[in-house]
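Working notes for the structure below.
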Amino acid sequence: MATDDSKTGINTRLAHSGNNPRDYFGFVNPPVVHASTVLYPDAAAMASRNQKYTYGTRGTPTMDALTLAVDALEGSAGTIAVPSGLAAVTIPLLTFVSAGDHLLIVDSIYHPTRNFADTMLKRLGVEVEYYDPRIGAGIARLIKPNTTVVFTESPGSNTYEVQDIPAIAKAAHAAGAIIMMDNTWATPLYFKPLDHGVDISIHAATKYPAGHSDVLLGTVSANEACWKKLYEGFCTLGCCSGPDDVYQVLRGLRTMGVRLEHHQKSALDIARWLEEQPGVAEVLHPALPSHPDHALWKRDFCGSSGVFSIVLNGGGQKQQHAFLDALKIFGLGYSWGGYESLAVPVFLGDRTIAKGSYAGPLIRLQIGLEDVADLKSDILGGLKAAAEA
C-alpha cells in the first residue's frame, strides 16, 4: 500500500511513496504512459481543461508517481521532472530571474551551472555575481535591491565546502530574494533543503536516484510560495522528461536508501584510509573531522554520499594524469552516483574566489559498490604511479 507518511522510516517511504498499486489493478509498479494527446469527454471540458491530465508535457501517471515520491522525501508542495540535471538548474533560473536582476551564485558551483550563468543569463541581461562558499550570514553585504535569487550548492562541487544554508536563507529572505540549492550530493535523505530555509531544491536524479549510469533526469522541488511559478515556467518551456526515463528513475529510487548507505560506508572507510597515505596531502570530505567545515556539516546533515576529492602531495597535471591512467577498477568518466567507481581530474581555473591553496593537483573520486579492499588496492596503484611520474 502506498504511503507518504513522514513518520515511517526512510526506506519504507522510498519503497512505497508516489503511487498506490490499487490504482492500477494491484500492479506494484505504475504504468509507463507514453502520451502526447489526451482526449476530453466533451467541448466544455476541453474549453475549461477541467480534467486531471490535459497534454503529455504537463504530466502523466508515470510522472506523477515519481514527483509525488520526491515530494514525500523533500516535504515540497510540488516537483517537476526534467530531462537532465542541468535542465533542473536552468529551468528554475529562467523562471525566476529576469533582465536587470542580480543573481548571486556560490563560487564552488557545478561548472555547467556557471557556464549557463556566464553565457545565456548574462546575454539575457542578468547581472551574475559569485560569492565565497563560506560567507554565511555575511552574504547580506552582497545582496542588492535587485537581487532576486541566491543559488547555493552544498557541499561545493569538487572541493566540498559546506555552506551555512540557514544563515544565507535568512539574509536572502530578509531582502525578498529566494534561495535555490543544488542538493545532488546529499540527496533529500541526508539533507532536506526546504527544512533549512531553501525555497527550491534541485537534484540531478541522474546520480543517486537513478543509480545505474544509464539515464538522464533532473528534479526540481518547490515550497508552497514558489510552486505555482515553477510549474508555470516548466509548462511554458515544455522541457519535460520521457516516460521511460521517469520510470527508470522511479525504479532506482526504491533502492536508493540501501545503495546510498553502502556508498557512504565505503567512501568514509576509504577517505579515512587515504588521510594516512604518504602520497596524499589532503582529503576533501566534509564528514571527516579534519575538514574545516565538519562542524557545520555535522549540524545540518545526517549522512554523506560517496563522492569526495583528494589532493596529491605535490606535482601537477603530469602526476594527476599518471594517477588516473594507472587505475584499473575506477573508470575515467563524468557523473557519479552509479554502482561503479569513477575518478576525474579537478579543474579550478574557472573560479574567481574559491580557488583554495592546495599542495598539489586534485582528483575527484566516486566510490561505487565494489569491495573496499579492491578499491584501496587500485588507488595505491594510482598513488605509486603519481609518485614515480
Any non-hydrogen side-chain atom of [X] less than 4.5 Å from a side-chain atom of [Y]?
X      : Y      : answer
Trp185 : Phe191 : no
Leu94  : Phe116 : yes
Val106 : Phe151 : no
Leu216 : Pro83  : no
Leu104 : Tyr130 : no
Ser309 : Tyr160 : yes

Please say yes or no: joined through hydrophobic side-chain contacts below 4.5 Å, possibly via intermediate residues, are [X] and [Y] part of one cluster?
X      : Y      : value
Leu66  : Tyr247 : no
Leu365 : Val372 : yes
Tyr358 : Leu274 : no
Leu324 : Leu380 : yes
Val344 : Phe330 : no

Derivation of the side-chain contact (heavy atoms from CB on, under 4.5 Å) call for Leu194 and Ser201: CA-CA 7 Å; Leu194 273 60; Ser201 175; 3.8 Å; yes
From CA spacing to verdict: side-chain contact (heavy atoms from CB on, under 4.5 Å), Ile165, Thr152: CA-CA 8 Å; Ile165 296 296; Thr152 69; 3.7 Å; yes
Donor-acceptor pair between Thr54 and Arg58 side chains, under 3.5 angstrom: no
Would you find more than 12 non-hydrogen atoms of other residues, nucleotides or ligands less than 6.0 Å from [X] atom [atom1]?
X      : atom1 : value
Glu261 : CD    : no
Tyr339 : OH    : no
Arg351 : CZ    : yes
Lys228 : NZ    : no
Gln51  : CD    : yes
Lys384 : NZ    : no
Lys376 : NZ    : yes
Glu224 : CD    : no

salt_bridge(Lys144, Glu127) N-O dist < 4.0 Å: yes
Plane angle bin for Tyr231 and Phe234 - parallel if under 30°, tilted between 30 and 60°, otherwise perpendicular: tilted
Arg272 vs Ile270, side-chain contact (heavy atoms from CB on, under 4.5 Å): CA-CA, chis, key distance, verdict: CA-CA 6 Å; Arg272 294 183 185 113; Ile270 291 171; over 6 Å; no
With no hydrogens and no angle check, is any side-chain donor or acceptor of [X] less than 3.5 Å from a backbone partner on [Y]?
X      : Y      : answer
Arg114 : Asp107 : yes
Gln319 : Ala387 : no
Ser17  : Arg13  : yes

Candidate pair Leu312 and Leu383, rule side-chain contact (heavy atoms from CB on, under 4.5 Å), full reasoning: CA-CA 8 Å; Leu312 295 183; Leu383 291 173; 3.9 Å; yes
Partner set under side chain to side chain contact (heavy atoms under 4.5 Å, CB included) for Thr57, not counting sequence neighbours: Tyr55, Cys240
Ring centers of Tyr208, His263 separated by less than 6.0 Å: yes
From CA spacing to verdict: salt bridge (charged side-chain N to carboxylate O under 4.0 Å, His left out), Lys52, Asp64: CA-CA 11 Å; Lys52 183 175 176 62; Asp64 283 352; 3.6 Å; yes
